[in-house]
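All values reported here derive from a predicted model rather than from experimental measurement. Just so we're on the same page: letters track the sequence lines, and every chain starts at 1.
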Amino acid sequence: MAAVKSVTLPELNPSGFGAPEFSTPESQDSEAALARRFYYFLSLQREVEDRIERKLYRQGKILGGVYVGRGQEAIGIGAGLVARPDDVLFPCHRDLGLYFIRGIGPREVFAQYMGRVGGLTGGKDGNMHMGDLNRRIVAIISAMAASVPVAAGAAMALKYQGSSSIAFNFFGDGATSRGDWHEGINLAAVQKAPLVLICNNNQYAYSTPLEKQMACRHVADRGVAYGIPAEIVDGNDVFAVYQAAQRAAEHARAGKGPYLIECKTFRMTGHSAHDGGDYVPKHLWGEWAAKDPILKLAGKMLDRGWATEGDLERMQAAIKRETDEAVDWAERSPYPDASELTRNVYEEA
Amino acid sequence: MAAVKSVTLPELNPSGFGAPEFSTPESQDSEAALARRFYYFLSLQREVEDRIERKLYRQGKILGGVYVGRGQEAIGIGAGLVARPDDVLFPCHRDLGLYFIRGIGPREVFAQYMGRVGGLTGGKDGNMHMGDLNRRIVAIISAMAASVPVAAGAAMALKYQGSSSIAFNFFGDGATSRGDWHEGINLAAVQKAPLVLICNNNQYAYSTPLEKQMACRHVADRGVAYGIPAEIVDGNDVFAVYQAAQRAAEHARAGKGPYLIECKTFRMTGHSAHDGGDYVPKHLWGEWAAKDPILKLAGKMLDRGWATEGDLERMQAAIKRETDEAVDWAERSPYPDASELTRNVYEEA
Amino acid sequence: MPATTYLEAIRQGIWEEMERDPNVFLLGEDIGIYGGAFKVTQGMLERFGDKRVVDTPIAESAIVGAAIGASFMGLRPVAEMQFADFITCGFDQIVNFAAKSRYRWNAPAPIVVRAPSGGGIHGGPYHSQNPEAWFVHTPGLKVITPATAYDAKGLIKAAIRDNDPVIFFEHKALYRRVKEDLPEGEYTVPIGKARVHREGRDMSIITYGAMVHVAAEAAAQMEKEGVSTEVIDLRTLLPLDEETILASVRKTSKVIVLHEATITGGIGGEIAARITEKAFEWLDGPVVRIAAPDTPVPYSPPLEEAFLPNTATVVERARRLAAY
Amino acid sequence: MPATTYLEAIRQGIWEEMERDPNVFLLGEDIGIYGGAFKVTQGMLERFGDKRVVDTPIAESAIVGAAIGASFMGLRPVAEMQFADFITCGFDQIVNFAAKSRYRWNAPAPIVVRAPSGGGIHGGPYHSQNPEAWFVHTPGLKVITPATAYDAKGLIKAAIRDNDPVIFFEHKALYRRVKEDLPEGEYTVPIGKARVHREGRDMSIITYGAMVHVAAEAAAQMEKEGVSTEVIDLRTLLPLDEETILASVRKTSKVIVLHEATITGGIGGEIAARITEKAFEWLDGPVVRIAAPDTPVPYSPPLEEAFLPNTATVVERARRLAAY
Ligand SMILES: Cc1ncc(C[n+]2csc(CCOP(=O)(O)OP(=O)(O)O)c2C)c(N)n1
Ligand SMILES: Cc1ncc(C[n+]2csc(CCOP(=O)(O)OP(=O)(O)O)c2C)c(N)n1
Ligand SMILES: [Mg+2]
Ligand SMILES: [Mg+2]
């Protein structure tokens with residue numbers, strides 16, 4: 001297989017996968033339509049990840065590491081819906097929503113987690129280690145921030161190719177401590193590569209709180225070190241993230257180089273499925289539960305008359321059905337044959 | 001050999017190695033005395049490096065890489081004389097003066113460059129890759145900025161030991177692009193380790209000018225990324241460097257953590273002895289020659305009446321004699337025996 | 001006293017050294033309040049305080065580098081890589097700073113880098129690797145790979161006391177699966193000495209880490225088939241205990257070298273080469289290498305099972321070698 | 001036309017590929033206006049412009065990572081490490097990102113990482129290393145080590161066209177010392193094929209890189225002593241051309257494996273092991289390994305001379321083997 005030169009752009013299904021139409025008349029209000037898409041993707045990520053973490057993992061159907069984005073879904077989804085289909089996405093391990101936005105369905109995600117052939121990597125890798133070059137979504141490796149130089153290089157290539165596409169790179173607060181983070185952003189900044197950098201500052205890296213990770217107050221404080229703009233947004237407000245990402249994308253697409261967005265949020269879960277997060281001061285759970293991005297969005301939608309309670313319930317029900325169906329599908333997907341083991345290490349004739 | 005636990009502090013010879021007394025009465029003026037020490041060390045570094053680069057290297061007596069600090073000697077020396085003998089120094093490859101300050105003589109330096117047993121590493125390594133744990137001066141490895149995490153760790157250890165000693169870490173502008181630089185400073189900042197960070201911003205890294213190295217204006221802009229103070233000084237003004245280093249050392253010794261000093265300077269030579277520096281715009285050589293740190297210091301000394309022309313000439317002459325003698329000594333120092341090759345890879349019984 | 005797990009043995013070893021020598025300190029990610037991703041350092045923050053149990057940012061190069069710097073000041077740092085797979089992020093510090101420091105300028109860097117390695121836990125490509133061969137090819141380092149709880153404890157203690165940089169690979173699949181009664185008193189296990197895990201006359205399996213247990217199972221089965229099989233547990237890969245290896249080879253004349261790391265460029269080649277160089281006349285057949293195939297470690301269970309060398313494979317190759 | 005040096009051959013190869021394919025681009029430190037520390041990319045900035053000849057900050061991990069990212073977008077990046085010794089700073093990107101990408105998610109990373117390696121230039125511990133074995137132990141990479149100008153040109157071109165990540169070791173001591181007339185037209189040299197550098201009947205020396213020339217000198221001397229000595233130049237270390245190796249072994253039955261890298265864990269072990277595994281019956285003596293001792297590369301000339309394998313040593317060991 002040669003490197004992918006011309007990219008097949010996925011059909012972006014604006015209402016997601018089989019999400020029901022709303023009863024409210026499809027108004028001209030683009031904000032309402034956007035809200036609906038937000039709501040769909042946020043809820044879908046929440047539901048799929050709940051299923052993974054709280055059900056399939058506990059049932060022993062998923063064996064490897066499980067990291068979810070509970071409580072911080074608005075970041076990937078807010079920024080991801082700014083990205084054009086031809087933009088290149090570099091998700092981190094809590095950005096499942098980005099896959100859905102790129103037209104990858106829950107079926108492939110469940111199969112991925114269960115190590116089946118129907119998974120995006122066919123069982124070769126697990127959990128969020130998945131990607132699809134044709135859909136311009138690049139699989140992370142485990143090493144935190146390793147995707148930053150890679151995203152910088154992709155952005156440099158897009159610029160070289162004269163494309164108006166840009167790259168979106170997602171990472172956590174902890175990842176910013178790594179040398180790769182620094183090297184990658186510095187290179188991209190010098191090259192004025194079209195790169196949108198999105199930090200989910202969920203205040204923890206595994207058990208390590210922010211103050212043991214960095215001595216500056218904000219990740220955004222680091223923008224100045226690279227001569228790039230940086231801003232802070234409420235990462236639980238999907239509209240705020242969306243708007244910041246628009247500013248960033250505009251900046252990058254205009255040839256002005258990288259742009260850093262720090263999204264303040266909270267990881268509403270332990271680090272991974274086996275971690276109860278006991279080191280988190282108890283009161284924080286409640287405080288942040290009240291700021292839940294889905295609740296926040298739902299409130300706004302109801303307030304503004306963009307949806308009724310019934311609409312939202314029907315959406316949730318549809319997502320549950322879709323998720324049920326996808327789990328079934330994935331469980332029926334076979335395990336790869338052992339003969340796959342030694343295949344595709346190198347190009348095959 | 002066990003790790004060095006108790007450190008033998010070198011006798012700090014305040015007038016250097018056989019530097020002559022000045023004819024001007026040794027006044028109570030500590031500035032004058034300091035200026036004399038500056039002048040001695042600056043001139044000694046200049047002379048020894050000229051000899052290495054322009055003579056021994058061209059004569060084929062030195063075979064490996066040769067990197068000199070011409071034009072930027074005031075940085076190591078200004079900061080180095082702030083360091084107490086019990087402070088730990090991490091020089092970069094243009095900081096020869098630091099070795100002299102620590103009581104390592106030109107003999108050992110020439111022998112080091114010529115690969116003789118009399119060199120500080122006995123021929124195992126070459127050029128500026130030298131150090132002496134007993135004198136608390138740590139040898140660099142080639143990889144730029146690799147010493148930053150190591151200095152951070154030394155500083156953490158000093159803090160843990162309850163010592164009032166601190167660490168001084170020197171590096172160039174180019175080194176700041178490396179992941180190690182970022183990781184090391186970030187760790188030191190979080191740990192509030194007593195670490196003085198001194199950047200010689202000589203505006204080039206090999207052939208690479210600053211604007212291809214970083215997109216921020218100043219290296220000092222990067223301090224904020226670590227929540228540490230950073231300041232900019234004229235790196236060709238040894239008094240200015242000295243004073244900045246005093247502020248930094250005080251900060252570090254007070255338990256407030258790392259402090260970054262950016263010294264603006266210029267590399268008055270190619271990158272190394274084989275590089276003519278043709279990529280440097282011609283006019284810069286002259287402009288910066290006028291700002292030479294030794295000239296600048298001499299001017300001040302004469303102005304203030306701290307020395308006469310004759311004093312300075314006698315100092316220079318003494319340094320030349322000392323250098324001649326040291327070269328002779330080094331050339332008489334034998335090469336290591338081949339049996340040394342496999343020794344001291346591990347602790348020997 | 002209940003039997004002690006491999007994991008607990010390492011924990012005890014570190015604990016005892018922390019008690020013994022105030023210069024010993026720990027640094028790594030999540031080793032403090034969380035007690036480490038695998039809980040090897042559990043309770044140490046409470047006992048020794050946050051000056052000696054340092055939670056670091058996510059920065060392996062800084063962790064190793066800081067360990068080196070602290071060792072220059074007379075401390076005895078024990079650095080944890082959360083997974084051995086991330087040791088690549090601190091690679092330069094290990095192979096270029098630590099390994100060469102004594103040789104270059106007579107400045108020993110007595111650090112220990114602990115690295116939980118190995119597959120069999122469904123970790124996929126980045127939580128399963130066995131990167132020991134890279135370090136075995138790096139003069140100046142010592143490389144340790146214990147297989148038993150006894151050795152894990154004795155070797156971590158020896159590593160901490162050693163005056164050279166040590167990479168200590170802890171096999172994750174052994175953490176809780178392997179246990180034994182440990183002696184009451186204090187002991188260390190010498191670095192650089194292999195161990196006869198099981199005696200035999202007809203064939204030798206030379207191995208280390210988790211594969212020691214696979215080899216032992218295979219040996220038990222071969223015994224039933226009438227082939228008395230010796231299992232050598234190397235324990236230390238660098239320096240390699242050539243003497244023990246060659247003694248076994250001279251006794252049995254038939255050798256299998258077994259490891260979990262991928263085959264090409266793995267340490268099996270080194271061992272096989274030394275055996276043929278130094279005991280060629282004693283060999284009654286080629287030195288057989290059994291190791292993982294040359295692929296990343298796959299995630300899906302059937303793929304990972306096929307990847308990891310197992311008892312059946314070893315028995316099958318052993319039978320062929322016996323018949324040679 | 002005067003003979004072309006090894007260095008110039010690499011330069012020509014890159015140049016031709018740059019002319020042929022606009023997706024080929026270069027990145028590294030000081031490769032633009034300066035033309036590279038060794039001048040391999042001299043003139044390329046002027047010819048191809050700074051969009052295709054990118055001077056980077058000092059950041060090997062970013063260089064390799066950016067190359068990977070650009071390759072995902074369809075480009076053909078050729079990244080330069082200023083010295084192979086600094087490849088350790090980009091190690092994680094190479095062994096974890098590039099090498100595993102195709103396998104994990106079917107995303108090939110067709111990058112070339114050029115790494116000037118090897119001693120004999122008085123470079124000391126950090127400008128002389130031969131780190132190829134680490135990469136040979138990394139499935140998913142290809143590893144190339146040309147010994148001649150012809151091969152250097154043909155292999156760099158093949159590497160750039162290859163659809164997998166390639167680590168290309170250029171031996172610095174050969175840059176200007178080795179030259180030959182190159183064919184006028186365009187050619188490539190296949191990756192994965194060894195070459196009989198010199199035919200012989202009584203003994204084989206299997207080697208690569210600078211040591212090919214040492215082996216050839218030793219072979220010439222052995223010839224005078226009546227021992228017809230074959231020299232195999234591996235050219236590619238991963239994948240290894242087992243066929244050519246084994247054919248030579250079957251012919252001569254006596255083998256020396258020679259490399260400049262340090263011996264323990266070096267690729268000599270792998271080759272020796274394969275030979276004993278697959279041609280045990282043909283061997284008339286143990287496979288002899290000759291390599292540098294297990295030390296850093298020392299700076300001082302007499303130490304470095306003692307470190308590097310040389311003709312005299314090879315001849316001496318060859319004599320002993322011939323008499324075996
Ligand atoms: C280089 C590296 N070291 C250690 C780890 C183990 N690890 C996995 S996730 C994680 C915490 C990441 O924190 P952050 O970047 O804040 O992301 P979050 O999980 O909070 O979203 C750690 C330490 C890793 N993946 N990579
Ligand atoms: C990691 C690494 N990459 C490349 C090099 C090669 N190299 C040696 S010095 C140098 C330039 C250093 O620039 P700077 O840090 O500004 O220091 P200066 O030489 O200007 O004092 C380079 C690229 C190196 N030593 N280390
Ligand atoms: Mg986080
Ligand atoms: Mg510089």
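- Atom OG1 of T56(D) and atom CD of E183(A) lie 9.5 Å apart (nearest 0.5 Å).
- Atom CG in L158(A) sits 8.5 Å away from atom CG in L75(D) (nearest 0.5 Å).
- Of the two parts of D50(D), neither the backbone nor the side chain holds a non-hydrogen atom closer than 4.5 Å to a non-hydrogen atom of chain A.
- Between the side chains of D180(A) and Q93(D), at least one donor-acceptor pair of N or O atoms lies under 3.5 Å.
- Judged by the 6.0 Å and 45° rule, K124(A) forms a cation-pi pair with Y103(D).
- Contacts between Y160(A) and chain D at a heavy-atom distance below 4.5 Å involve the side chain alone, from C-beta outward.
- How far NZ of K159(A) is from NZ of K51(D): 6.0 Å, rounded to the nearest 0.5 Å.
- With a 4.5 Å cut-off on side-chain heavy atoms, H129(A) and K100(D) do not count as touching.
- Put simply, CG on D92(D) and CZ on R178(A) are 6.0 Å apart, with the number rounded to the nearest 0.5 Å.
- Here the OH atom belonging to Y346(A) is positioned 11.0 Å from the CD1 atom belonging to I191(D), to the nearest 0.5 angstrom.
- Contacts between L341(A) and chain D at a heavy-atom distance below 4.5 Å involve backbone atoms as well as side-chain atoms.
- Proximity to chain A (any heavy atom under 4.5 Å) is shown, for P77(D), by neither the backbone nor the side chain.
- Inspection of non-hydrogen atoms places I140(A), I141(A), A143(A), A146(A), S147(A), P149(A), V150(A), G153(A), A154(A), M156(A), A157(A) of residues 140-157 of chain A under 4.5 Å from chain D.
- Taking 4.5 Å as the limit, every side-chain heavy atom of E347(A) sits out of range of all side-chain heavy atoms of D162(D).
- Residues of residues 31-38 of chain D never come closer than 4.5 Å to chain A when only heavy atoms are counted.
- For H182(A), no part lies under 4.5 angstrom from a heavy atom of chain D.
- Of the two parts of V54(D), only the side chain, counted from C-beta on, holds a non-hydrogen atom closer than 4.5 Å to a non-hydrogen atom of chain A.
- Heavy atoms closer than 4.5 Å to chain A are found in both the backbone and the side chain of N96(D).
- With N186(A) contributing its side chain and P57(D) its backbone, the two residues share no donor-acceptor pair below 3.5 Å.
- Within a 6.0 Å sphere centred on CD of E243(D), other residues, nucleotides and ligands contribute 12 heavy atoms or fewer.
- Here the side chains of W105(D) and L133(A) are in contact, with some heavy-atom distance below 4.5 Å.
- Note: A139(A) leads G184(A), G122(A), A139(A) in heavy-atom pairs under 4.5 Å with chain D.
- For the pair R102(D)/N344(A), a side-chain contact is recorded, criterion being any heavy-atom separation below 4.5 Å from C-beta on.
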